[in-house]
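Residue numbers begin at 1 in each chain, while the letters A, B, ... track the order of the sequences.
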Amino acid sequence: MTPAPSRPEPILEVRDIGKAYGAVRALQGVSASVGAGEVLCVLGDNGAGKSTFIKILAGAHPHSEGTLLAFGAERRFMHPREALDLGIATVYQDLAVVGLMPVWRNFFLGAELTRGRGPLRRLDAARMRATTKHELARMGIDLRDVDQPIGTLSGGERQSVAIARAVYFGAKVVILDEPTSALGVKQAGVVLSYIARARDRGLGVVFITHNPHHAYPVGDRFLLLQRGRSLGDFAKSEITIDEMTALMAGGAELEALAHELERR
Amino acid sequence: MTPAPSRPEPILEVRDIGKAYGAVRALQGVSASVGAGEVLCVLGDNGAGKSTFIKILAGAHPHSEGTLLAFGAERRFMHPREALDLGIATVYQDLAVVGLMPVWRNFFLGAELTRGRGPLRRLDAARMRATTKHELARMGIDLRDVDQPIGTLSGGERQSVAIARAVYFGAKVVILDEPTSALGVKQAGVVLSYIARARDRGLGVVFITHNPHHAYPVGDRFLLLQRGRSLGDFAKSEITIDEMTALMAGGAELEALAHELERR
Amino acid sequence: GCTGTGTGSGDGGSPAGEPVTIAVVTHGTAGDAFWDVVKSGAEQAGTDLGATVTYQGDGDPVKQSQLIEAAIATDPDGLIVSMANPDGVRGAVEKAVAAGIPVITINSGLEKSREFGAQTHIGQSEFIAGQGAGEKLAEAGVSNVICVIHEAGNSGLEERCAGAADTVGATVSNVQVDVANLADAQNTIKSKLLADPSIDAVLTLQTGVAVAASQAVDEAGSSATLATFDVSADVTRLILDGGMLFAVDQQPYSQGYLPVSFLTLQKRNGDVVGGGLPVYSGPGFVTKENAAEVATFAENGTR
Amino acid sequence: MTVVVEAEFTDRLKRSHPLLTLLRRPEVGALVAAVAIFLFFSFFTQAFLTPAGVSTWLYSASLFGIMAVAVALLMIGGEFDLSAGAMTGTTGLIVGVVTTQWGLNLALALVLALAVALAIGAANAFVVMKTGLPSFIVTLATFFILQGCNLAVTKLVTGSVAIQGMNAVPGFQQAKVFFGSSFPVLGLEVKVSIVWWIALTALATWVLLRTRPGNWVFAVGGEVTSARQVGVPVFRVKLGLFMTTAGAGWLVGMLQLFDVSTVQATTGVGQEFIYIICAVVGGCLLTGGYGSAIGAALGALIYGMALQGIVFAQWDNNWLKAFLGGMLLLAVLVNLLVRRQAGMRS
Amino acid sequence: MTVVVEAEFTDRLKRSHPLLTLLRRPEVGALVAAVAIFLFFSFFTQAFLTPAGVSTWLYSASLFGIMAVAVALLMIGGEFDLSAGAMTGTTGLIVGVVTTQWGLNLALALVLALAVALAIGAANAFVVMKTGLPSFIVTLATFFILQGCNLAVTKLVTGSVAIQGMNAVPGFQQAKVFFGSSFPVLGLEVKVSIVWWIALTALATWVLLRTRPGNWVFAVGGEVTSARQVGVPVFRVKLGLFMTTAGAGWLVGMLQLFDVSTVQATTGVGQEFIYIICAVVGGCLLTGGYGSAIGAALGALIYGMALQGIVFAQWDNNWLKAFLGGMLLLAVLVNLLVRRQAGMRS
Ligand SMILES: Nc1ncnc2c1ncn2[C@@H]1O[C@H](COP(=O)(O)OP(=O)(O)OP(=O)(O)O)[C@@H](O)[C@H]1O
Ligand SMILES: Nc1ncnc2c1ncn2[C@@H]1O[C@H](COP(=O)(O)OP(=O)(O)OP(=O)(O)O)[C@@H](O)[C@H]1O
Ligand SMILES: [Mg+2]
Ligand SMILES: [Mg+2]
């Protein structure tokens with residue numbers, strides 16, 4: 001688990017990358033990379049630019065400064081399709097599901113299974129239903145009915161669908177934006193084990209979370225963002241969980257807080 | 001901090017309450033109560049019915065079975081307005097903000113400050129802006145501009161606005177549905193200290209979370225839900241954090257999991 | 001009203017080369033087959049006489065008034081107005097008269113033309129035309145007539161039906177269809193014929209609807225007599241084939257052509273034509289006898 | 001390592017009769033409303049159920065229905081096309097003008113008109129997608145432009161505002177077989193447009209429910225950002241939808257042209273809302289992402305039956321619009337009621 | 001205990017010129033488009049800038065504008081009212097019929113028409129809110145019903161399709177002072193409707209931006225569940241908006257009636273979309289929650305200027321619709337461009 005002295009070849013790499021939304025500079029001068037079999041955790045305060053960072057990697061927004069390298073070649077994704085085609089699967093913070101569509105259609109959206117050929121090529125609904133049910137069951141979610149609109153699921157159930165989908169389709173890189181935030185203890189555990197397993201299968205994983213207890217066990221490298229800028233990109237050997245927590249919390253007030261809560 | 005032998009008079013109480021959405025029984029036979037100066041934590045898996053539970057308390061959905069007592073009188077809220085008027089303020093999981101409206105208008109929505117009287121009664125925009133800025137600053141969020149549409153804030157920033165609003169307006173009871181899930185370490189700490197302070201001021205607090213580490217320090221009573229049913233309503237003295245975590249995770253697999261993550 | 005910017009003589013041949021601008025504002029909506037021929041007539045007169053003619057139309061009296069006032073603002077040498085709803089354009093017309101612009105009314109509004117200060121009226125009111133059609137149908141001995149209104153609430157069309165009902169001496173019921181959907185207009189007429197087999201005459205008020213009605217009569221297996229207002233190549237063909245009894249021809253072309261030439265003459269030669277009395281542009285009937293000669297004109301879009 | 005999962009079902013599902021699943025289809029309300037209107041007019045009028053009567057309202061419904069199905073697809077995909085009505089006029093006028101005035105070969109003229117329609121559809125899609133303006137506004141502009149051009153160009157070329165002499169064009173009778181003929185079935189005179197209507201509804205249903213592009217239509221209409229994020233080719237899907245609608249406009253234009261063998265400059269104006277009404281009565285959401293082709297076809301059937309039924313009933317024609325309005329309201333209310341009964345969320 | 005907060009600003013904001021804040025108002029695009037159209041016609045036509053010309057297009061704009069402002073409020077509140085156009089006819093016809101046919105006192109007739117309008121507005125709101133049906137469909141049904149009743153009742157009572165003899169009604173001249181008069185200002189003949197228009201725009205702007213109900217309008221249009229959850233009286237707000245629109249319909253009905261002293265059964269039909277166009281050109285979102293009253297007024301100004309400008313320019317009126325369509329597209333594109341320049345998200 002200790003980082004190998006020679007890091008794997010990066011699959012995704014950004015150099016001095018930046019992004020502005022109109023007048024707001026959401027991200028500037030951030031550099032980081034993730035290799036095969038590596039987990040890059042992105043940590044930071046609210047509004048630090050984490051979602052913006054992964055949206056650039058996922059092709060949801062093109063970056064406005066710096067360079068992005070995917071598999072060694074410079075790229076500027078204009079459409080998520082381009083990233084997906086390279087094997088980069090993403091779970092967005094807002095999940096990217098279509099509320100009115102059944103769960104199974106959401107699961108396979110954009111990568112539907114088909115039967116037959118030519119004009120008779122049609123959806124293989126039975127297989128998609130079964131796969132969806134199975135993949136969700138593996139995450140500890142037993143849905144009564146994969147035909148119900150995904151909008152009627154609870155927040156955590158929806159998140160689980162999005163994660164199961166990304167893991168199922170993620171070919172080379174899986175990007176997860178706060179996947180555990182809405183999850184129960186059990187489901188969060190399952191997601192973490194998924195991340196570990198994806199890593200072990202040689203996938204690169206980019207994992208955003210606010211919970212140092214979720215990040216530290218699975219992460220190999222930690223990118224800390226603050227107000228759109230990088231505080232550094234640390235290997236696990238370079239930082240302890242407590243240092244990390246302190247950096248994320250922006251000071252030592254946390255200890256005081258813990259006492260505060262108990263006082264009445 | 002240990003629960004007093006005699007519990008305070010309940011402000012909000014439910015008995016055998018239940019709710020069905022069409023064919024889905026989201027909640028059944030749940031009883032619990034919260035008194036002044038008490039924190040009731042609601043814990044449970046994804047889809048356990050936590051959000052449904054608080055939506056009943058908040059008046060967002062009327063319940064379909066059982067009884068709800070507010071301040072000793074039986075009620076069936078048909079509109080959130082009715083709950084608000086009794087001094088019950090809620091932070092919904094989906095935040096209840098209007099994306100296109102400026103932050104300060106969202107903060108005061110439904111309870112706007114005004115100046116002048118009669119036909120000249122008008123919004124006191126300056127005071128609302130200042131208050132918003134101040135209340136958010138107290139939570140550790142420094143917004144560049146309270147006039148920007150709240151939809152352009154990051155997920156956590158938006159959550160902070162919703163929480164700050166509920167705490168500011170909560171007169172008797174504050175209900176929080178996973179308020180810390182999208183928050184950074186610092187902001188989560190601030191929210192917890194808010195809960196503690198509200199409790200100390202004699203407010204009742206209903207607090208939903210997936211994080212036992214967030215729940216245990218501030219909670220007085222713990223309602224555990226599973227698949228729409230109650231696993232029990234425990235006082236803090238009756239349960240330890242580890243028991244609680246185990247109950248929430250539905251077993252002892254968690255230990256195994258922690259090891260799993262480290263293995264490569 | 002005289003803009004008097006011109007250099008005087010444009011083309012040496014014409015009696016007077018003085019530039020003349022004439023504004024036409026009717027209550028016809030753009031694309032209406034009848035008013036389109038009026039427009040053609042007015043524009044042709046403009047070309048023939050070397051006058052500039054502008055044409056506008058709107059069926060809503062408020063909007064028509066606005067168009068008239070806009071026309072007044074351009075200070076034309078003459079104004080031509082149709083008055084389906086005389087009260088509605090009264091203010092605007094009187095304003096033009098007060099501004100010294102000679103006004104001629106056309107088509108409908110004969111009764112009020114003089115009162116409002118117009119010099120003369122050209123054309124024939126829709127009601128009179130309807131009466132003419134009614135008489136013709138009465139000659140054919142019909143007893144149960146439907147009158148097909150292709151634009152709900154259009155007062156001109158209502159007047160035509162009312163006029164026909166006035167003289168036909170038979171039951172007349174109005175049927176509404178949508179001129180923008182001829183295929184469905186055909187359905188509606190067919191439905192009506194099926195619902196009431198005693199219907200023995202169909203009076204349409206527009207050429208396209210007339211064609212649709214002839215098919216509807218065929219498909220419903222009805223033997224109803226067909227008649228229409230206005231003329232087109234298809235209608236003359238129907239008349240020649242015996243599929244239609246007659247077409248009322250209000251000669252819209254002259255309703256456009258004549259007032260423009262009158263006003264041009266007045267400007268260039270001081271002639272005030274009509275002597276304060278109305279000029280009737282109709283009535284004309286196209287029947288099997290004269291259909292062949294009318295057909296050639298109809299193909300040019302001038303009938 | 002595997003996380004052990006118990007997937008046993010609890011008693012949280014009250015009931016789940018298979019019939020109920022069927023009852024939750026979007027078109028079920030429209031079906032009930034259609035049956036009600038059918039029974040009503042069958043009962044209260046003489047001519048409604050006669051063979052001639054049936055073929056009249058079926059034909060009436062088919063012309064609305066073809067467009068309604070296309071418009072429904074587009075609406076499910078989250079867009080409107082207000083130029084759909086005027087398009088039926090434009091295509092008819094193109095064929096009319098180039099054949100009667102310029103003597104072009106009829107088959108060529110048909111292809112030309114189709115090409116123009118598809119190009120306009122593509123232009124709509126292009127402007128909507130590239131500018132992000134709402135399609136309601138963009139296609140409203142297209143509608144105005146088409147309406148103006150229909151009139152002005154027709155007038156310019158033919159000197160009048162309607163096409164005359166279509167049936168003298170060589171090949172007219174052959175083309176009429178496809179677009180304007182009718183044939184007897186069980187004593188009914190069935191117009192060929194009814195065949196087109198049924199075929200297109202079936203095809204659209206199949207595409208929507210059983211193919212990938214159909215899946216994408218729901219996705220782009222339901223949540224366009226999400227669809228884009230999971231890699232759905234949003235632009236291509238919307239382009240296809242706008243072009244389908246335009247193509248349907250061409251088809252209806254031809255059906256009308258060859259039926260009455262004339263076309264006027266005002267053809268189709270105002271019809272665009274009828275298509276939307278049919279789609280909504282048939283259970284499509286105005287906000288997109290939900291609906292069905294069969295529903296839209298049923299919506300058109302309701303509209304056609306009501307329109308002709310009112311005539312059969314010989315009600316005072318001046319009230320026509322008021323009756324239609326009342327029926328529209330009734331149909332959507334029945335629709336709502338049925339869906340609520342089936343335990344759906346509206 | 002207090003959490004220490006450093007609220008210092010970082011360099012994450014690129015620029016924040018106060019002018020930019022102004023430039024982000026919804027109506028700014030419409031303002032630019034209006035200026036462009038004004039300059040265009042001032043430059044290319046003679047009559048546009050003459051006093052008579054100005055008062056013509058101002059008057060034309062004012063009638064659209066009054067409704068557009070009301071419709072814009074409703075649209076910001078997340079609803080449509082397609083019966084708004086027919087309502088101008090209904091109210092005018094009510095006054096016309098009861099005074100000229102039944103001899104009712106004019107003042108009473110005015111109040112009666114207003115009451116009917118408000119009741120219809122309330123009925124719209126009621127059906128929309130209680131059934132959850134989209135207002136687009138509900139008010140479309142209302143539109144049909146009004147259109148049918150306008151025609152049928154008018155014919156029934158008066159025997160024709162227009163009201164005649166209004167100016168013989170006692171009190172007509174007095175009422176005309178409020179609704180149909182005009183007075184000279186700096187050489188312009190200013191119709192009183194222009195005063196109404198400006199006053200209503202100012203009032204609507206004040207209500208929207210400076211009062212609690214205005215705040216709620218944005219909220220119910222932007223996110224109705226959220227609004228309900230924070231205690232906004234959603235029903236009351238929507239009720240108020242529908243009634244405001246109906247009331248504006250009454251006002252415009254009266255302005256038209258007393259201007260030309262007649263009203264036809266078809267009055268207002270088809271105008272409802274022009275109001276929506278004006279609101280959208282003025283920067284309102286079709287999906288609700290965003291827009292401005294001034295913007296809608298500017299949209300109406302653009303429309304009025306274009307409509308009359310085309311007349312002044314003496315372009316062939318067959319092309320009128322095509323020009324209007326082109327201008328509509330241009331106006332929304334300019335709008336978009338300006339807003340993008342100002343760094344807004346569309
Ligand atoms: N579409 C947008 N338009 C304008 N500003 C935006 C937009 N999206 C994000 N921002 C701003 O950019 C900054 C970074 O946002 P981002 O969503 O990347 O934060 P984050 O690190 O993911 O926060 P969180 O932990 O709360 O999810 C925030 O200040 C936010 O207000
Ligand atoms: N509007 C709805 N219609 C139908 N079913 C619903 C609806 N809302 C919730 N449900 C169902 O009710 C159950 C309980 O949902 P609820 O949102 O209360 O769960 P939760 O405990 O808050 O979960 P989470 O931790 O994931 O937020 C879930 O199974 C969900 O699918
Ligand atoms: Mg984020
Ligand atoms: Mg929840």
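Counting heavy-atom pairs under 4.5 Å between each of C:Thr52, C:Thr54, C:Val89, C:Asn154 and chain E puts C:Thr54 at the top. Interface summary for chain C: among E:Gln147, E:Gln308, E:Met166, E:Gln164, the most heavy-atom pairs under 4.5 angstrom belong to E:Gln164. Interface summary for chain C: among E:Leu257, E:Asn318, E:Asn150, the most heavy-atom pairs under 4.5 angstrom belong to E:Asn318.
In this structure, chain C has no heavy atom under 4.5 Å from any part of E:Gln46. For E:Glu189, no part sits under 4.5 Å from any heavy atom of chain C, backbone or side chain. In this structure, the portion of E:Lys155 lying under 4.5 Å from any heavy atom of chain C is its side chain and not its backbone. When heavy atoms are compared at a cutoff of 4.5 Å, E:Leu63 approaches chain C solely by way of its side chain, counted from C-beta outward. With a 4.5 angstrom heavy-atom cutoff, E:Trp315 touches chain C only via backbone atoms. Neither the backbone nor the side chain of E:Ser160 comes within contact range of chain C, judged by heavy atoms closer than 4.5 Å.
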Please assess E:Gln314 against C:Thr74 for the test side-chain contact (heavy atoms from CB on, under 4.5 Å), listing each intermediate value before the final yes or no. CA-CA 10 Å; E:Gln314 315 215 349; C:Thr74 64; 4.2 Å; yes
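A 6.0 Å sphere centred on CH2 of E:Trp319 holds more than 12 heavy atoms belonging to other residues, nucleotides or ligands. Applying the 6.0 Å contact sphere to NZ of E:Lys321 captures no more than 12 heavy atoms from other residues, nucleotides or ligands. Counting heavy-atom neighbours within 6.0 Å of E:Phe178 CZ, excluding the residue itself, gives a total of 12 or less. No more than 12 heavy atoms of other residues, nucleotides or ligands sit less than 6.0 Å from atom CG of E:Leu186.
Nearest approach of C:Ala70 to E:Val311, heavy atoms of both residues: CB-CG1, 4.0 Å. Between E:Phe312 and C:Ala73, the shortest heavy-atom contact is CE2-CB, 3.8 Å. Contact detail for E:Thr262 and C:Gly88: the closest heavy-atom pair is CG2-CA, 3.1 Å.
Residues C:Glu151 and E:Thr266 are not in side-chain contact: their nearest non-hydrogen atoms beyond the backbone lie 4.5 Å or more apart. Two residues are said to be in side-chain contact when any heavy atoms from C-beta on lie closer than 4.5 Å; C:Glu159 and E:Val161 fail this criterion.
In this structure, the separation between CG on E:Asp316 and CD on C:Glu43 is 6.0 Å, given to the nearest 0.5 Å.
Sorted by first and then second residue, the salt bridge (Lys or Arg N to Asp or Glu O under 4.0 Å) pairs involving residues 87-102 of chain C (not counting sequence neighbours) are C:Glu69-C:Lys95, C:Asp87-C:Lys112, C:Arg90-C:Glu94, C:Arg90-C:Glu115.
Using non-hydrogen atoms only and a strict 4.5 Å limit, the part of residues 58-67 of chain C facing chain E consists of C:Gly59, C:Asp60, C:Pro61, C:Val62, C:Lys63, C:Ser65, C:Gln66, C:Leu67.
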